[in-house]
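Whatever order the structure lists them in is the order used to number ligands and atoms, beginning at 1. Worth saying up front: this structure is predicted, and the values here are computed from it rather than measured.
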Amino acid sequence: MHIKGNFLIIISGPSGAGKSTLTARLLSKCKNLDFSISYTTRKKRTSELENGHYRFVSINEFEDLIEKNAFLEYEKVHGNYYGTPINPIEDSMKFNHSVLLDIDVKGAYNIINTNHFDCISFFIRPPSIDVLKERLIDRNDMSLEEVDRRIIEAKNEIMKSIHFDHLIVNEDFEECYKEVEKILASF
Ligand code: 5GP
């Protein structure tokens, strides 16, 4: 797939909605689409590569980047800082590429409400809260207290889905992907 124009393509929604799987598929299918690698102060999971999905930094390093205005947006999500660096986005745009962001709902909302870039925003939602809980437990990378915390946040986040251009229910991943692809191909 080739995306015409250069957009910020925002994929947001609760943790466990399927954002990472969706972003990975989009990146493998679109040649002129770059991934925005966020900075985070969260600990690296064993399955993760340094500079793959995230750049892992200390709280001091992160706060230094805030001071230097290095972020398009940043938020504290589940107790850790996460931020979208602005320079790599500008570099991608120079090459006429679009940039894909996998970010939380507050961060997405901040970007949607500023007019720096042309955005296409997607809110990915699980078919139900029960399914979301099952998915988070199956991931096996957080405690049950953490799962419960994320479920409470998910309920608040779902109420903000009206601010997004497209609301996609991820019940069946292939259907969800096709829907997103169809929208992006229509530009
Ligand atoms: P996780 O720690 O499970 O990888 O991500 C937790 C949440 O942080 C996810 O909802 C993810 O989309 C979000 N996130 C990742 N990077 C950023 C970022 O740069 N900014 C914001 N606001 N959220 C982010």
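- Remark: distances from the non-hydrogen atoms of Tyr54 to ligand 1 include one below 4.0 Å.
- Looking only at heavy atoms of the protein, atom 22 (N) of ligand 1 is closest to Asp104 OD1, 2.7 Å.
- Ranked by closest heavy atom to atom 8 (O) of ligand 1, the top entry among Ile111, Thr84, Val77 is Val77.
- Minimum heavy-atom separation, Asn6 to His97: CB-O, 3.2 Å.
- Residue Asp102 has at least one nitrogen or oxygen atom sitting less than 3.5 Å from a nitrogen or oxygen atom of ligand 1, judged on distance alone.
- Annotation for Glu171: atom CD does not count as buried by contact number, only 12 or fewer foreign heavy atoms lying within 6.0 Å.
- Phe123 and Phe164 have perpendicular rings, their planes meeting at more than 60° on a 0 to 90° scale where under 30° would count as parallel.
- The distance criterion of under 3.5 Å between nitrogen or oxygen atoms is not met by Glu48 with respect to ligand 1.
- Taking the charged nitrogens against the carboxylate oxygens, Glu153 and Arg149 have no contact shorter than 4.0 Å, which rules out a salt bridge.
- For ligand 1, the atoms lying closer than 4.0 Å to a non-hydrogen atom of Arg42 are 1 (P), 2 (O), 4 (O).
- Look at Glu48 and Arg42 and you find a salt bridge, because one of the NZ, NE, NH1 or NH2 atoms lies within 4.0 Å of a carboxylate O, short of that distance.
- Some N or O of Arg45 is nearer than 3.5 Å to an N or O of ligand 1, by distance alone.
- Contact between Ser12 and Lys19 at its shortest, heavy atoms only, is C-CD, 3.6 Å.
- Residue Glu75 places no N or O, backbone or side chain, under 3.5 Å from any N or O of ligand 1.
- Among protein heavy atoms, atom 20 (N) of ligand 1 sits closest to Glu73 OE2, 2.7 Å.
- Below 3.5 Å of separation, one finds an N or O of Gly83 facing an N or O of ligand 1.
- If you check which protein heavy atom lies closest to atom 16 (N) of ligand 1, you get Ser38 OG, 3.0 Å.
- Atom 6 (C) of ligand 1 has its closest protein heavy atom at Tyr82 OH, 3.6 Å.
- The nearest pair of heavy atoms linking Arg135 to Asn170 is NH2-O, 2.7 Å.
- Interface of Arg150 with ligand 1, defined as ligand atoms under 4.0 Å from a residue heavy atom, comprises 3 (O).
- Considering backbone and side-chain atoms together, Lys19 places an N or O closer than 3.5 Å to an N or O of ligand 1.
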#### Entry: Criterion side-chain contact (heavy atoms from CB on, under 4.5 Å) on His53 and Ile37, from CA distance to verdict
CA-CA 6 Å; His53 205 79; Ile37 301 176; over 6 Å; no
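- Cation-pi contact between Lys76 and Tyr81: present, with separation from the ring centre below 6.0 Å and deviation from the ring axis of at most 45°.
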